[in-house]
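Written below as structure tokens is the structure these notes are about.
Lettering of chains follows the sequences in order, A, B, ..., and the numbering in each one begins at 1.
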Number of protein chains: 4
Amino acid sequence: MRSDEMDRPRTFTEEARRAQIMRCAIEALAELGFSGSSLAEIARRAGVSKGVVSYYFAGKDELLGQVLFDVYARAGAAIAERIGHANDPAVVIRGYLEANLSFLAENLADIRAVVEIAANARSPDGSLRFAVPGEDPVLAHLQSLLQAGKDTGRFGEVDSRSMAVLIRGAIDTASGRLVGDPAFDLEAYTRQLVDVVDLALRPAT
Amino acid sequence: MRSDEMDRPRTFTEEARRAQIMRCAIEALAELGFSGSSLAEIARRAGVSKGVVSYYFAGKDELLGQVLFDVYARAGAAIAERIGHANDPAVVIRGYLEANLSFLAENLADIRAVVEIAANARSPDGSLRFAVPGEDPVLAHLQSLLQAGKDTGRFGEVDSRSMAVLIRGAIDTASGRLVGDPAFDLEAYTRQLVDVVDLALRPAT
Amino acid sequence: MRSDEMDRPRTFTEEARRAQIMRCAIEALAELGFSGSSLAEIARRAGVSKGVVSYYFAGKDELLGQVLFDVYARAGAAIAERIGHANDPAVVIRGYLEANLSFLAENLADIRAVVEIAANARSPDGSLRFAVPGEDPVLAHLQSLLQAGKDTGRFGEVDSRSMAVLIRGAIDTASGRLVGDPAFDLEAYTRQLVDVVDLALRPAT
Amino acid sequence: MRSDEMDRPRTFTEEARRAQIMRCAIEALAELGFSGSSLAEIARRAGVSKGVVSYYFAGKDELLGQVLFDVYARAGAAIAERIGHANDPAVVIRGYLEANLSFLAENLADIRAVVEIAANARSPDGSLRFAVPGEDPVLAHLQSLLQAGKDTGRFGEVDSRSMAVLIRGAIDTASGRLVGDPAFDLEAYTRQLVDVVDLALRPAT
DNA sequence: CATGAATGAGCGTTCATTCAT
DNA sequence: TATGAATGAACGCTCATTCAT
């Protein structure tokens with residue numbers, strides 16, 4: 001099938017199976033972590049034999065890479081849609097924060113799966129399999145949003161790089177809270193983060 | 001050996017061996033990640049046979065748990081010493097942030113090891129092996145520091161829980177940056193974080 | 001399909017498909033060796049799905065057996081034609097050698113495929129799948145040619161069995177040389193073999 | 001153990017285990033062929049678990065390579081000893097033939113194992129794992145023996161290369177006969193081969 | 001105390017085969 | 001006829017653990 005002929009387009013049912021397997025992989029990763037998500041476990045959740053996974057994906061790497069790519073794409077689309085029409089940098093940043101945190105909450109398993117993959121998948125040489133060699137694009141994007149605000153005078157004189165790191169940290173930590181901390185109040189957290197960032201970016205009066 | 005007779009105190013040489021093995025485990029975890037840190041690899045780094053590790057620790061779980069405990073204890077001590085004598089909550093928080101980030105920078109391998117363990121070590125049932133069942137003590141401690149400031153009127157009306165989560169996220173993300181992002185400027189980041197938190201906690205005028 | 005209804009003769013198109021698949025099997029065996037010649041690889045070369053191979057052949061064994069049979073038959077025909085009209089045993093033997101070696105050179109892939117199959121195909125019990133249980137017919141044939149020469153006094157008192165084995169060895173080894181030894185000179189080798197055999201068979205003076 | 005520390009010399013018991021495993025590998029290869037000689041089968045014959053084989057050899061490749069090397073070394077030593085003191089090229093060649101054929105007969109399983117390995121073991125890229133890149137050293141050695149005879153005028157004007165190929169073919173084919181052809185008479189075959197080669201190399205009178 | 005030897009389960013992957021469509 | 005989907009067993013290999021010495 002797929003692994004044999006690289007150029008043939010995928011049929012509908014083929015895509016459906018791939019999606020199903022990816023869904024099961026995401027669930028396994030979210031529940032059992034990277035090392036618990038063997039092909040056997042993923043296949044078990046999909047109700048198929050181990051071979052089926054190898055049949056629809058060239059290997060575990062392709063499966064994990066596809067999951068990574070898909071979730072990233074969906075997250076990017078959700079965030080882009082949320083801040084698409086805004087001009088005011090402050091509104092953009094607010095939208096960025098809210099979109100990130102709500103995507104997190106609504107796609108918790110996906111996010112956890114992505115974190116497991118990105119942090120654990122390794123090449124045979126021991127290096128992280130899905131580490132982007134140069135600049136972290138997610139961080140760079142956020143930094144550019146901040147810089148745009150500074151350039152237009154809408155934001156004060158913050159260190160845009162440090163602020164980007166700080167904000168990403170504040171966002172990323174939320175997924176950890178959403179799991180296993182029933183007391184975590186995402187709405188309150190979102191409001192607080194929006195306030196803090198708003199305050200931090202406000203130009204000196 | 002040790003794991004069989006729980007009550008006998010450990011001799012000095014025993015503790016030395018345990019410490020040596022834990023040090024090697026930390027190095028392996030920091031360099032190779034969780035899955036690359038097999039007992040064989042740890043034993044190799046310690047220059048001993050695999051059996052020795054099993055001899056001084058009841059199993060891999062006990063070794064990892066001990067590493068986790070030790071690093072936590074050292075970090076807690078470093079932070080407590082830094083903020084020990086301060087009374088002003090703002091000074092306490094500032095000390096907390098600086099102590100955390102400098103401990104991070106000066107004990108990077110230990111921190112990375114702890115992150116690897118906490119995020120990856122699992123029980124047979126798939127649940128995180130070292131997840132504390134109830135309240136996260138680290139988070140609770142920070143929250144209590146913030147609450148103290150609120151109670152004395154020194155801080156404004158922030159949501160102390162959300163702020164604690166935010167701050168922890170901002171701190172924890174720094175270790176990821178310190179590794180593999182050569183452009184990361186810890187001093188600038190520390191200043192920025194201190195400023196942001198100071199601003200956020202300042203009472204409304 | 002075919003393997004279910006043993007008595008129905010094969011249609012023309014059926015035979016064509018079988019021949020095509022066998023051709024692709026030969027190419028795969030010659031290029032990739034026995035273990036590299038999976039049904040998937042053979043089907044890929046034939047531009048059909050894996051199922052087709054199973055459809056036209058009862059199993060991999062039947063396919064390989066058929067390849068073996070076909071190449072043997074073609075080789076036998078080529079040799080028979082070459083020595084068909086000769087009466088003098090010396091001329092017959094010379095023709096046999098020349099026919100064998102030239103068939104080898106002109107059907108190298110086929111020969112290599114046959115060697116791979118004969119040496120590697122095994123029954124579930126581990127025994128060679130295509131080993132003829134009794135007397136090797138190829139060897140017996142050559143021996144009979146030699147014996148005929150002895151009986152008519154045209155050849156000397158050689159051990160016809162040993163000579164047959166020797167000659168077959170000298171022929172069979174040539175295919176190995178033709179592949180991967182670019183310096184191998186088949187013409188020179190043929191002349192040399194013909195001379196050696198002629199000398200060996202010449203009656204004592 | 002061995003796979004962990006590359007420089008430590010092997011203990012006696014370690015060598016004994018390795019030798020035992022190699023012996024079982026040779027038996028499996030001789031009886032079941034390359035594809036039938038899985039680590040599981042070899043371990044089963046050795047009466048140990050699968051892991052033991054991986055414990056004493058870095059991988060299947062090392063095991064097979066070691067078998068290849070050992071048998072080659074033993075064969076080379078046996079042949080060298082047999083022809084060591086001879087000066088007359090004709091005597092050397094005669095010794096070479098007799099030594100080869102008797103080593104074959106007395107180490108049949110080893111030879112068959114070597115043939116299986118050399119013909120089937122492949123690298124991941126599909127190329128033969130143990131193919132020597134340049135000239136076949138076995139063939140080159142024999143050719144040099146023949147050339148020496150020609151150079152001293154002891155042999156006639158044969159094509160030394162072709163004769164070497166012919167003789168190797170005649171030798172190699174014997175192992176195939178020794179297995180499964182109970183009628184094969186090695187002594188008669190050796191005499192015949194010696195005679196044929198002697199005749200072929202004799203200078204024109 | 002420490003080792004080296006051995007186990008057994010599980011890993012990702014390959015492959016001949018079967019079968020509904 | 002021919003396909004693509006699915007299976008299940010076997011493969012080489014890794015690893016935490018156990019144990020006699």
Taking the side chain as C-beta and beyond, is there a heavy-atom pair between S35(B) and N120(A) under 4.5 Å? no
E62(B) CD - dT17(F) P separation (whole Å): 11 Å
Can you check the F34(B) CZ to dC15(F) P distance for me, whole Å? 12 Å
Between dT17(F) (C1') and L64(B) (CG): distance, integer Å: 15 Å
Between S123(A) (side chain) and G126(A) (backbone), is there a donor-acceptor pair under 3.5 Å? no
Using a strict threshold of under 4.0 Å (side-chain N to carboxylate O), is an ion pair present between R112(D) and E116(D)? no
Are the side chains of I26(C) and V71(C) in contact, using a 4.5 Å heavy-atom criterion? yes
Under 3.5 Å donor-acceptor pairs involving side-chain atoms of residues 62-70 of chain A, not counting sequence neighbours:
from	atom 1	to	atom 2	distance (Å)
E62(A)	OE1	A58(A)	N	2.7
E62(A)	OE2	R18(A)	NH1	3.4
E62(A)	OE2	R18(A)	NH2	3.1

With a cut-off of less than 4.0 Å, is there a side-chain N or O of R17(D) near OP1 or OP2 of dG4(E)? no
May I have the distance from L63(B) (atom CG) to dA16(F) (atom P), rounded to whole angstrom? 10 Å
Result for side-chain contact (heavy atoms from CB on, under 4.5 Å) between R17(B) and one of T11(B), V53(B), V48(B) points to V48(B)
Could you give the CD1-to-P distance, from I42(C) to dT17(E), as a whole number of Å? 11 Å
Just how far, in rounded Å, is P of dG12(F) from CZ of R129(D)? 15 Å
In whole angstroms, the gap separating C1' of dT1(F) from CZ of F57(C) amounts to 15 Å
Pairing pattern in dot-bracket form [Watson-Crick, G-U; both distances under 3.5 Å; | = partner strand] for DNA chain E: .||||||||||||||||||||
Using a strict cut-off of less than 4.0 Å between a Lys/Arg side-chain nitrogen and an Asp/Glu carboxylate oxygen, indicate whether R122(B) and E31(A) qualify as a salt bridge. no
Rounding to an integer number of Å, can you tell me how far I21(C) CD1 sits from dT1(F) C1'? 12 Å
Answer yes or no: is there an ion pair linking R23(A) with E27(A), defined by an N-O contact shorter than 4.0 Å? no
Per-nucleotide protein contact string for nucleotides 7-13 of chain E, where B marks a base within reach and S marks sugar-phosphate only (heavy atoms under 4.0 Å, - for neither): BB-BSBB
When you measure from the side chain of E41(D) to the backbone of A28(D), do you find a donor-acceptor pair of N or O atoms at a distance under 3.5 Å? no
First encountered from the 5' end of DNA chain E, between T13(B) and T13(D): T13(B)
